[in-house]
2 protein chains.
Amino acid sequence: MTDEVGRDPEAVSKFVESFAAQLVEAGMQRMPARIFAALLSSDEGAMTSAELGEQLQISPAAVSGGVRYLAQQHMVSREREPGSRRERYRVHSNQWYEALTNREAVIKRWEGALREGVSSLGAGTPAGRRMAETLAFFEFVDGEIAAMMERWRLHREELFGA
Amino acid sequence: MTDEVGRDPEAVSKFVESFAAQLVEAGMQRMPARIFAALLSSDEGAMTSAELGEQLQISPAAVSGGVRYLAQQHMVSREREPGSRRERYRVHSNQWYEALTNREAVIKRWEGALREGVSSLGAGTPAGRRMAETLAFFEFVDGEIAAMMERWRLHREELFGA
DNA sequence: CGCTTCTTTCAGAAATTTGTGAAGATGAGG
DNA sequence: CCTCATCTTCACAAATTTCTGAAAGAAGCG
């Protein structure tokens, strides 16, 4: 087997860019999206800063900024190769889409804003009622998502084994 | 009752801006967010272009652009007062958060990109397997969300009556 | 028809965001 | 300690986005 490269870098790059484009369209910033897509399509599920910089043709500063964002969103984690200042950034295959549904903080803030709206506009007014209903929706979804993720874990074991 | 105004414009405005800010943080553009928040907190659930312009202090052009975006996302609908060129933009209290969960098109595109990734990187490779799993997750969520919305409708009737 | 009232489109000014290079930190290893 | 390899921060240039005023389009109504 002369297949030592193992993968066609061009095919990888093509996928990375096209998946990143979807993420961008869904609202993610460009650099985080590209970095994330690159990690997702790496065999290890992890890359160093230098590797990312090379594949994506971006500066160390851009890697740093993008990774910081992804880490804040809990979409990647950072690892340190022991005895080296070099970091590697890893996407835990499960972890990340859990983060996707973990709008936890976002939902909580929306709920807060809506509660304030209900009371400041008046619970008896039409606008107040509309907002109370919206609030109820968020509260409902909040609970449902947790249950859904639990079902996913079961489903996942079924499909791929524990 | 000298309460003819009915609502404190300042309180309304304060809520509108704060709710819009949450939407912006969640990735919506500023103008659409403000317009949407204004509609949501109006008693009628509908406003004319002129009313929106006045409350938000923006030009007709900005209203036009924002509304177009919201309509594309199915978050508001346009109505025509019969016998007038004046439009009013309405948020149907139910409709809009159904639109929120209706990432339908978005999810489909992600699934497409992932499928392409699985085949172009190789279903047998580690990266390919990771993407196959991610794909399975999206397919799962897709189905779950429909079921969840159905439960919401029931729950909603329970809370607020049909 | 043509006037009037609204809405949309468009080009450009202003504000914001993004990515870079360069300088500064941080820590491993001699 | 000093050096080397890395990562991070920062100021700025470039690209992009956002909003506006002005002009053009559309539709009711006399």
Side-chain angles (χ1 to χ4, degrees), chain A residues 13 16-17 20-39 42 44 46-73 75-91, chain B residues 13 16-17 20-39 42 44 46-73 75-91:
Chain A
S13 178
V16 166
E17 297 305 331
Q22 303 299 328
L23 294 171
V24 167
E25 213 163 326
M28 197 184 295
Q29 293 154 1
R30 174 175 305 280
M31 276 303 129
R34 296 180 70 211
I35 291 171
F36 183 75
L39 290 173
S42 68
E44 314 254 311
M47 296 172 79
T48 64
S49 175
E51 287 166 345
L52 284 167
E54 162 147 20
Q55 159 148 22
L56 302 174
Q57 290 295 308
I58 58 181
S59 70
V63 174
S64 176
V67 160
R68 175 173 34 178
Y69 173 84
L70 291 170
Q72 275 172 353
Q73 306 298 311
M75 293 181 71
V76 309
S77 55
R78 326 160 83 103
E79 297 175 354
R80 213 47 163 285
E81 306 181 336
S84 156
R85 181 140 169 62
R86 178 185 257 148
E87 298 211 26
R88 53 193 8 232
Y89 308 111
R90 156 157 280 126
V91 47
Chain B
S13 177
V16 166
E17 296 305 331
Q22 304 298 329
L23 294 171
V24 168
E25 213 163 328
M28 197 184 295
Q29 294 154 3
R30 176 172 305 281
M31 275 304 126
R34 296 180 70 210
I35 291 172
F36 183 75
L39 290 172
S42 68
E44 314 255 310
M47 296 172 78
T48 65
S49 175
E51 288 167 343
L52 284 168
E54 160 143 25
Q55 159 149 23
L56 302 175
Q57 291 296 306
I58 57 181
S59 71
V63 175
S64 175
V67 160
R68 175 172 35 177
Y69 173 84
L70 291 170
Q72 275 172 352
Q73 306 298 311
M75 293 181 71
V76 310
S77 54
R78 327 160 82 102
E79 296 175 355
R80 214 46 164 282
E81 306 180 338
S84 155
R85 183 143 169 63
R86 177 185 260 148
E87 297 213 22
R88 57 191 7 233
Y89 308 110
R90 165 168 314 261
V91 50

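Here is how names work: the chains are called A, B, and so on, in the same order as the sequence lines, proteins then strands, and each is numbered from 1. Quick caveat: nothing in here was measured; it's all calculated off a predicted structure.
Remark: A:Glu79 pairs with A:Arg90 by the side-chain hydrogen bond (donor to acceptor under 3.5 Å, both in side chains) rule, at least two apart or across chains. Taking A:Tyr89 as the reference, nothing meets the ring-ring contact (aromatic ring centres under 6.0 Å, His included) condition, with sequence neighbours excluded. For B:Met47, the side chain to side chain contact (heavy atoms under 4.5 Å, CB included) partners at least two apart in sequence or on another chain are B:Ala38, B:Leu39, B:Ser42, B:Glu51, B:Leu52, B:Gln55. Residues passing the salt bridge (charged side-chain N to carboxylate O under 4.0 Å, His left out) test with B:Glu44, sequence neighbours excluded: B:Arg88. By the side chain to side chain contact (heavy atoms under 4.5 Å, CB included) test, B:Ala33 is found to be paired with B:Ala20, B:Leu23, B:Val24, B:Met28, residues two or more places apart in sequence or in another chain being considered. Applying the side chain to side chain contact (heavy atoms under 4.5 Å, CB included) rule to A:Glu17 yields the partners A:Ser13, A:Arg34, A:Leu56; only residues at least two apart in sequence or on another chain are considered. With sequence neighbours excluded, the residues forming a side chain to side chain contact (heavy atoms under 4.5 Å, CB included) with B:Arg86 are B:Thr48, B:Glu81, B:Ser84, listed by chain and number.
Atom CE of residue A:Met31 and atom OG of residue A:Ser64 lie 13.0 Å apart, to the nearest 0.5 angstrom.
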Worksheet item: DNA chain D in dot-bracket, Watson-Crick or G-U pairs under 3.5 Å, [ ] crossing, | other strand?
Response: ||||||||||||||||||||||||||||||

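Once you apply a 4.0 Å limit to the heavy atoms of chain A, the touched nucleotides of DNA chain C run 5' to 3' over C:dT18 to C:dG29.
The salt bridge (Lys or Arg N to Asp or Glu O under 4.0 Å) contacts involving residues 20-33 of chain B comprise A:Arg109-B:Glu25, where partners must be two or more places apart or lie in separate chains.
When the options B:Met75, B:Gln72, B:Glu87, B:Arg78 are evaluated for a side-chain contact (heavy atoms from CB on, under 4.5 Å) with B:Val67, the one that passes is B:Arg78.
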Response to the item:
Per-nucleotide protein contact along nucleotides 7-18 of chain D, 5' to 3', at a 4.0 Å heavy-atom cut-off (B base, S sugar-phosphate only, - neither), is SBB--------S

